Amino acid sequence: MIHLHYFAGLKEVAGKASEDIQWTDGTVEDIVKWAADTYRAFDFSAVQVAVNEEYVLETESVKPGDHVAFIPPVSGG
Amino acid sequence: MDAQLMKPFEVTNEPLEPARYMEYVTHSEAGAVTLFAGTVREWTNGKRTMYLEYEAYVPMAEKKLAEIGVEIKQKWPGSRVAIVHRIGALSISDIAVVIAVSSPHRKAAYEANEYAIEQIKKVVPIWKKEMWEDGEEWIGDQSYKPGSE
């Protein structure tokens, strides 16, 4: 199991701020593919991923128990 | 509030009080303090904003704000920094962000303060939604990926 976190427009498309999904092994790229297939109304092309609150590359592996956050382009300030 | 209880890098739902952060960074070795407040603008490119809705990935955002503080201390030695961002619904002229920097001399205090707001806009996971009279939209620079540098 991994914990997914959604924000801003993706949170609205998903209709939830977070969810847990079954997960044994794979990379960030695999999770982004899963999310893009699941939430087709959202454009993931500019989304960055954070694993356990740190930005990571798509090649990074994701382990059960990890927190994976999809970070759309930020707009604070 | 007692300075010891104050969090210098915080994301909060409460209204921001700039003077607290200025006080926090002020000390006897400092010769300059820059205090920046980012406020909610009513008109942007001819469109009228009714209010803004901010949201954050709070634990990561606070971590990133603290990292900006560490970078500033490295780049401008002798600086003290506080950076706080408000989330939730903000009205016109409400303060969304406060950055306070003290340094021995003024140039560093200005430069470091500007560096902080530029970094916030690039890497800190906070989002704003513009609420207009006739619609709403999440704002974000679609060309920039925060982890890509």
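As a basis for the values below, the full set of heavy atoms in this structure was taken, side chains included, without hydrogen atoms, waters or symmetry mates. In what follows, chains carry the letters A, B, and so on, assigned in the order in which the sequence lines appear, proteins first and then strands, with residues in each chain numbered from 1. None of these values were measured; they are calculated from a predicted model.
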Participant: How long is the span from the CD1 atom in B:Ile68 to the CG atom in B:Leu65, to the nearest 0.5 Å?
Facilitator: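 If I round to the nearest 0.5 Å, the distance is 5.5 Å.
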
Participant: Any salt bridge linking B:Lys7 with B:Glu62? Criterion: basic side-chain nitrogen under 4.0 Å from a carboxylate oxygen.
Facilitator: yes

Participant: Between A:Val68, A:Val49, A:Val62, which is the residue that forms a side chain to side chain contact (heavy atoms under 4.5 Å, CB included) with A:Val56?
Facilitator: A:Val49

Participant: Kindly state each residue pair satisfying salt bridge (Lys or Arg N to Asp or Glu O under 4.0 Å) with at least one member in residues 68-81 of chain B, sequence neighbours excluded.
Facilitator: none

Participant: Rounded to the nearest 0.5 Å, what separates atom CG in A:Asn52 from atom CD in A:Glu60?
Facilitator: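 Interatomic distance, A:Asn52 CG to A:Glu60 CD, rounded to 0.5 Å: 9.5 Å.
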
Participant: Under 30°, 30 to 60°, or over 60°: which ring-plane class applies to A:Phe42 and A:Phe44, parallel, tilted or perpendicular?
Facilitator: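 The rings of A:Phe42 and A:Phe44 stand perpendicular, inter-plane angle above 60°.
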
Participant: So for B:Ile120, is it side chain, backbone, both, or neither that comes closer than 4.5 Å to the heavy atoms of chain A?
Facilitator: both

Participant: If you measure from the Lys or Arg side-chain nitrogens to the Asp or Glu carboxylate oxygens, is any gap between B:Lys121 and B:Glu118 under 4.0 Å?
Facilitator: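 Judged by the 4.0 Å cut-off on N to carboxylate O distance, B:Lys121 and B:Glu118 do not form a salt bridge.
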
Participant: Counting only non-hydrogen atoms closer than 4.5 Å, does B:Lys128 touch chain A with its backbone (N, CA, C, O), its side chain (CB onward), both, or neither?
Facilitator: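 Both parts, backbone and side chain.
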
Participant: Can you list the residues of residues 8-19 of chain A that sit under 4.5 Å from chain B, counting heavy atoms only?
Facilitator: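 Hits under 4.5 Å: A:Ala8, A:Gly9, A:Lys11, A:Glu12.
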
Participant: For B:Ala56, is it the side chain, the backbone, both, or neither that has a heavy atom closer than 4.5 Å to a heavy atom of chain A?
Facilitator: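 B:Ala56 touches chain A through backbone heavy atoms alone.
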
Participant: Chain A heavy atoms under 4.5 Å from B:Tyr54: which part of the residue, side chain, backbone, both or neither?
Facilitator: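 Interface part for B:Tyr54: side chain.
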
Participant: Look at B:Glu111 together with B:Lys107 and state whether they make a salt bridge at an N to O cut-off of under 4.0 Å.
Facilitator: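 Counted as a salt bridge, because a side-chain N and a carboxylate O are separated by less than 4.0 Å.
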
Participant: As an exercise: rank B:Glu53, B:Lys129, B:Arg86 by heavy-atom pairs under 4.5 Å with chain A and give me the winner.
Facilitator: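 Option with the top pair count is B:Lys129.
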
